[in-house]
Amino acid sequence: MEKKIDIQISDKPLSEQTCLEFVAHPGAGGIVNFIGTVRNQTKGKAVIKLEFEAYVPMAISEMRKIAERTFQQWPVQKMAIHHRVGTLTIGEIAVIISVACPHRKAAFDACSFAIDTLKETVPIWKKEFFENGAVWVAAHP
Amino acid sequence: MEKKIDIQISDKPLSEQTCLEFVAHPGAGGIVNFIGTVRNQTKGKAVIKLEFEAYVPMAISEMRKIAERTFQQWPVQKMAIHHRVGTLTIGEIAVIISVACPHRKAAFDACSFAIDTLKETVPIWKKEFFENGAVWVAAHP
Amino acid sequence: MKVLTFGIAKDIVGGPEMDIPYSEGMSVLALKKAVLKNYPQFEKLNSLAIAVNNEYADDDLQIRPTDEVVLIPPVSGG
Amino acid sequence: MKVLTFGIAKDIVGGPEMDIPYSEGMSVLALKKAVLKNYPQFEKLNSLAIAVNNEYADDDLQIRPTDEVVLIPPVSGG
């Protein structure tokens with residue numbers, strides 16, 4: 001059976017082209033890609049770099065669950081979720097979520113759901129490095 | 001001043017990579033790309049190919065208006081709208097809209113608004129070719 | 001007056017432009033009526049707009065002889 | 001019992017795992033209490049979950065000696 005879901009965690013730069021080629025589908029009319037990139041600041045403080053750490057087997061499993069829930073809730077044809085780990089500098093891609101659907105509205109909703117859920121459930125941790133110090137994002141109130 | 005909007009109409013294959021490179025911005029946290037592709041069927045009838053025709057100067061002008069409205073309504077940092085014209089086969093990319101924002105919610109909303117509006121206002125016409133005949137999409141009730 | 005056509009309008013008219021008699025101060029509405037009189041098939045379309053100099057034109061806009069005038073049948077880009 | 005740590009949990013514990021005394025039939029809740037007793041800094045986190053064999057575990061799940069047990073501090077992927 002044709003593979004409908006592609007989940008990857010990688011310490012190499014992510015490729016939107018790879019995601020797009022994976023989700024390409026002759027019945028697709030709308031593909032929505034979310035690309036999360038490293039911002040140069042957080043609450044006004046300059047960010048120098050980021051580090052992402054993952055509990056890889058569980059992160060893969062949770063990303064797959066998100067994809068499966070997305071397929072259940074919308075008429076998704078194909079979906080890719082790629083997440084980067086390791087050290088990233090400003091502008092680098094941290095995550096790509098690509099969703100192909102027959103029509104665009106579902107693709108927008110499904111992609112938005114997927115990134116929202118990823119940020120809530122997938123065991124990946126982001127450390128932001130500033131001029132003087134570093135913090136694990138979202139760890140403390 | 002740095003160019004914030006990139007509008008293109010082209011008879012060559014569109015490149016999502018080109019759009020992504022254009023919208024890349026050190027302050028961007030979320031980039032949303034919409035990619036409209038040619039579907040293999042419409043209401044169950046097999047589509048063989050499509051032709052897009054544009055009234056180019058006005059189409060460019062209307063696409064620019066959409067981008068400007070999008071910048072007014074959301075905290076958009078950069079935006080690209082590329083539309084293909086000429087003959088396209090199944091799976092080819094008809095349109096790409098890329099939007100970069102500091103946060104993802106705005107990027108989703110802005111990109112969705114832009115493609116909805118493009119379909120309403122931009123003078124581009126799509127002809128679908130079937131086994132036996134062809135129709136200009138949306139022309140008749 | 002030369003009026004440019006695209007998409008289904010080109011098919012209806014049988015070419016990339018049509019000729020409509022122009023009169024000084026002619027409105028967009030008057031132009032639409034003249035088009036419909038010459039080509040009743042336009043009645044069957046979902047909509048018919050007129051662009052003057054690359055902008056959608058209101059019915060009461062007066063057309064000047066030098067304007068670029070275009071028939072805009074229902075659009076379907078994207 | 002070995003408990004793996006990631007992110008800020010690794011910093012608090014000072015390494016990629018911690019050792020917690022295991023007792024037969026120990027629940028996830030009991031494990032959490034033991035972790036908090038040994039490392040009070042975990043109280044300050046927004047949340048603290050436990051994963052058992054790659055799944056988020058409910059408080060009443062009983063941990064078996066062969067399970068892979070991981071501390072999951074607040075996630076921040078994407």
Side-chain angles (χ1 to χ4, degrees), chain B residues 7-10 14 34-39 42 47 50-66 81-86 88 92-97 111-128 133-141, chain C residues 1-20 27-29 31-32 34-78:
Chain B
I7 306 292
Q8 292 188 24
I9 291 181
S10 170
L14 302 184
F34 174 78
I35 300 113
T37 51
V38 177
R39 283 211 298 162
T42 292
V47 172
L50 285 191
E51 277 178 24
F52 279 102
E53 187 178 324
Y55 174 29
V56 174
M58 182 175 167
I60 294 275
S61 160
E62 289 292 327
M63 285 157 78
R64 182 165 296 279
K65 280 185 199 169
I66 292 170
I81 309 180
H82 291 188
H83 205 296
R84 178 86 179 272
V85 289
L88 280 74
E92 281 198 275
I93 297 175
V95 62
I96 302 175
I97 300 183
C111 188
S112 179
F113 164 82
I115 180 62
D116 286 353
T117 309
L118 181 148
K119 285 173 177 268
E120 286 169 11
T121 64
V122 177
I124 296 179
W125 297 272
K126 173 162 54 185
K127 193 173 196 172
E128 287 181 334
V135 297
W136 288 102
V137 175
H140 293 105
Chain C
M1 168 177 49
K2 205 167 71 173
V3 177
L4 302 179
T5 55
F6 288 93
I8 197 168
K10 194 160 65 177
D11 289 359
I12 290 172
V13 167
E17 61 184 63
M18 64 195 299
D19 234 330
I20 295 286
S27 72
V28 164
L29 183 62
L31 170 64
K32 279 185 186 170
V35 170
L36 290 170
K37 194 177 156 200
N38 288 348
Y39 299 95
Q41 299 102 299
F42 280 112
E43 293 277 12
K44 295 180 188 156
L45 299 186
N46 274 320
S47 65
L48 184 64
I50 304 286
V52 174
N53 300 331
N54 296 327
E55 298 276 351
Y56 285 105
D58 290 333
D59 276 353
D60 56 2
L61 181 80
Q62 292 190 359
I63 299 168
R64 292 162 302 185
T66 53
D67 287 340
E68 177 168 294
V69 181
V70 180
L71 282 190
I72 308 283
V75 301
S76 50

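What you see below is based on every heavy atom in this structure, not just the backbone, and it leaves out hydrogens, waters and symmetry mates. Each chain gets a letter, A, B and so on, in the order its sequence line appears, and its residues count up from 1.
- For B/V137, the parts sitting under 4.5 Å from any heavy atom of chain C are the backbone and the side chain alike.
- Between atom CD1 of residue B/I124 and atom CZ of residue C/F6 there is a gap of 11.0 Å, rounded to the nearest 0.5 Å.
- Using a 4.5 Å cut-off between heavy atoms, B/H140 touches chain C through backbone and side chain atoms alike.
- Atom CZ of C/R64 is surrounded by 12 or fewer heavy atoms from other residues, nucleotides or ligands within 6.0 Å.
- The only member of C/I8, C/L45, C/I12 that meets side chain to side chain contact (heavy atoms under 4.5 Å, CB included) when paired with B/W136 is C/I8.
- Between the side chain of B/H83 and the backbone N or O of C/G77, no donor-acceptor pair lies under 3.5 Å.
- For the set B/P141, B/P123, B/A59, the entry with the most heavy-atom pairs within less than 4.5 Å of chain C is B/P141.
- When heavy atoms are compared at a cutoff of 4.5 Å, B/E62 approaches chain C solely by way of its side chain, counted from C-beta outward.
- In this structure, B/M58 and C/N53 have side chains that are not in contact, with every pair of non-hydrogen atoms separated by 4.5 Å or more.
- In terms of modelled atom types and a separation under 3.5 Å, the side chain of C/N46 and the main chain of B/A138 share a donor-acceptor contact.
- Smallest separation of non-hydrogen atoms from C/P74 and B/A139: CG-O, 3.5 Å.
- Rounded to the nearest 0.5 angstrom, B/K127 NZ and C/D11 CG are separated by 4.0 Å.
- Interface residue B/A94: only side-chain heavy atoms are found under 4.5 Å from chain C.
- Contact annotation for B/K119: both backbone and side-chain heavy atoms come within less than 4.5 Å of a heavy atom of chain C.
- For the residue pair C/S76 and B/K126, the shortest heavy atom distance occurs at OG-N, 2.8 Å.
- Between C/V75 and B/T121, the shortest heavy-atom distance links the atoms CG2-N, 4.1 Å.
- For B/Y55, the parts lying near chain C are the backbone and the side chain together; criterion is any non-hydrogen pair under 4.5 Å.
- Contact of B/A54 with chain C is made through the backbone alone, with heavy-atom distances under 4.5 Å.
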